[in-house]
Chemist: 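I have a structure here, written as structure tokens, and I will follow up with some questions on it.
All ligand and atom numbering here is 1-based and tracks the order in the structure. What you are looking at is a predicted structure, and each value in this text was computed from that prediction instead of being measured.
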Amino acid sequence: MAQLDERIGEIYNEVLRRNPGEVEFHQAVREVLECLGPVLAKHPQFAHNKIVQRICEPERQIIFRVPWFDDQGNVQINRGFRVEFNSSLGPYKGGIRFHPSVYLGIIKFLGFEQIFKNSLTGMPIGGGKGGSDFDPKGKSDNEIMRFCQSFMTELYRHLGEYTDVPAGDIGVGGREIGYMFGQYKRITNRYESGVFTGKGLAWGGSLVRTEATGYGCTFFVREMLKSRKQSFEGKRCVVSGSGNVAIYTIEKIQQLGGKVVACSDSNGVIFDDNGLDLELIKRLKEVERRRIAEYASHHKQAKYLESGNIWDIPCDVAMPSATQNELNGKDAATLVKNGCIAVGEGANMPTTPDGIKIFLDAKIAYGPSKAANAGGVATSALEMQQNASRDSWSFEFTEAKLDQIMQGIHQSCYETAEEYGAPGNYVLGANIFGFIKVAHAMVAHGLI
Ligand code: NDP
Ligand code: 2IT
């Protein structure tokens with residue numbers, strides 16, 4: 001791990017002391033703090049106003065009980081969270097995650113990352129995140145609905161189009177957003193479209209929001225490759241996960257001439273040397289909600305590697321799109337050894353700190369999550385714009401806007417890295433560029 005200078009080291013130690021056991025939150029904070037030394041030297045007003053200390057403390061944290069009846073009539077109890085981290089640039093904005101691993105440390109890492117990601121998009125949105133340790137796997141539609149209604153019966157009072165605007169994340173897609181929006185509407189007696197993003201197209205949703213994170217991440221990697229006079233044409237790619245982000249990453253890579261040979265879920269890896277059959281994956285995952293293993297029963301040449309490690313498969317481009325810390329130092333070394341030239345993170349914080357160091361030392365094109373996957377939340381902000389003007393835009397127009405935004409984020413990170421003497425280091429570029437805008441807004445707003 002890189003050294004922290006003395007002043008920032010003290011701030012980090014205080015974060016560790018105040019947030020015991022929240023290891024993912026510590027990891028996300030450390031990565032940002034490692035980049036801030038030269039920024040504090042250049043802007044003494046940030047240290048004077050204790051901006052770094054304040055940015056590490058959420059503005060508000062909500063934790064609540066979520067009771068619901070399962071289909072057998074048994075009472076079930078889960079825990080709900082919403083961390084409203086920073087509203088300097090706009091209303092709190094960030095997804096909701098339903099996964100059994102969720103606890104406060106996961107929601108805080110995601111909310112913290114979201115502050116800088118949202119700043120990078122250039123849109124007027126603050127940072128927040130929410131979720132529950134509820135496991136949607138194997139639940140009936142009715143169970144999902146009852147859970148979402150109970151979750152929203154508490155959370156609604158904290159939301160609003162000018163206050164806090166959730167969306168989806170792991171385990172939360174169009175179905176769950178529908179049930180949560182419906183309950184919000186019922187309790188408040190307001191058709192407040194701008195309170196959620198990722199809505200259905202018939203009720204205020206935006207075209208391209210479903211595709212946005214995967215498409216945007218692929219655009220970001222295309223820009224990194226372009227800056228090295230390369231392209232996706234003919235590249236062999238590996239995309240982990242098989243959920244929303246993975247599916248639309250595969251789709252855009254294929255459109256840009258790349259070949260995706262593997263994807264995965266938490267049980268195993270599908271390897272298809274002919275290139276993945278995306279229509280089949282969409283049917284299995286989006287329509288039938290099945291496991292990725294079933295792909296192999298439709299394509300005899302494909303191999304299912306139970307508990308396999310997707311990063312052992314040689315590739316030119318790797319796009320981790322499942323979850324945090326899914327790619328460690330050993331995996332990074334394998335990828336580099338096998339000739340990987342670019343990594344674009346669709347998932348949030350998928351690479352461990354030792355993995356990041358290996359990518360940076362090898363000087364491959366490494367696009368960190370808060371820059372590379374910002375297309376999802378950026379398109380959420382486009383959905384909010386359409387809702388505010390009671391308008392809806394065409395697919396082509398919205399996708400072109402997303403592409404422009406991703407090019408802008410790439411350029412901001414690239415130029416900031418150069419300005420701070422670390423050309424090609426998108427981690428430094430993203431953290432510094434994302435931080436500075438929030439920090440200036442916090443100074444302007446006074447001590448709040
Ligand atoms: P989905 O729920 O649609 O898909 C998640 C995928 O990741 C599934 O294939 C799932 O496998 C796998 N996965 C999830 N948790 C784990 C785990 N603990 N171990 C192994 N595999 C796991 O979620 P999304 O595609 O929306 O999200 C994927 C990533 O992208 C997350 O990190 C999310 O935070 C990030 N992201 C999402 C955005 C969005 O707009 N949706 C925007 C920006 C980032 P299984 O089915 O076996 O659990
Ligand atoms: O991590 C993320 O950026 C998301 N899950 C999307 C958030 C959003 O508000 O669209």
Chemist: Partners of Glu288 by salt bridge (Lys or Arg N to Asp or Glu O under 4.0 Å), sequence neighbours excluded?
Modeler: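 Once residues adjacent in sequence are excluded, the partners of Glu288 under the salt bridge (Lys or Arg N to Asp or Glu O under 4.0 Å) criterion are Arg283, Arg290.
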
Chemist: Tell me, which residues have any heavy atom less than 4.0 Å from some atom of ligand 2?
Modeler: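 Residue list for ligand 2: Lys93, Gly94, Gly95, Gln114, Lys117, Lys129, Ala167, Gly168, Asp169, Arg209, Asn348, Gly376, Val377, Ser380.
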
Chemist: What are the two closest non-hydrogen atoms of Met180 and Phe196, and how far apart are they?
Modeler: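 Result for this residue pair: CB-CZ, 3.7 Å.
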
Chemist: Does Glu59 use its side chain to pair, donor to acceptor, with the backbone of Ser87 at less than 3.5 Å?
Modeler: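 At least one qualifying donor-acceptor pair exists.
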
Chemist: Report yes if some heavy atom in the side chain of Phe147 is under 4.5 Å from a heavy atom in the side chain of Lys139; otherwise report no.
Modeler: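 Phe147 does not reach Lys139 side chain to side chain.
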
Chemist: Quick one, Pro136 and Ile144 - any side-chain contact, counting heavy atoms below 4.5 Å?
Modeler: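 When only atoms from C-beta onward are counted, Ile144 and Pro136 do touch, with a gap below 4.5 Å.
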
Chemist: Taking everything shown except Lys185 itself, do over 12 heavy atoms lie less than 6.0 Å from its NZ?
Modeler: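 Atom NZ in Lys185 is not packed in, count stays at 12 or less.
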
Chemist: Checking Gln324 against Asn348: is there a side-chain donor and acceptor pair closer than 3.5 Å?
Modeler: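 Side-chain D/A pair, Asn348 to Gln324: absent.
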
Chemist: If you look only at pairs with a residue in residues 257-281, which of them pass as a ring pair (Phe, Tyr, Trp, His ring centres under 6.0 Å), with sequence neighbours excluded?
Modeler: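 Output for this query is empty, none listed.
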
Chemist: Does CZ belonging to Phe395 count more than 12 external heavy atoms closer than 6.0 Å?
Modeler: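 Above 12, so yes.
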
Chemist: Using a 4.0 angstrom limit on heavy atoms, which residues are close to ligand 1?
Modeler: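 Heavy-atom contacts below 4.0 Å: Arg97, His99, Lys117, Lys137, Asp169, Ile170, Gly171, Arg209, Thr213, Gly241, Ser242, Gly243, Asn244, Val245, Ser264, Asp265, Ser266, Arg291, Ser321, Ala322, Thr323, Gly346, Ala347, Asn348, Asn373.
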
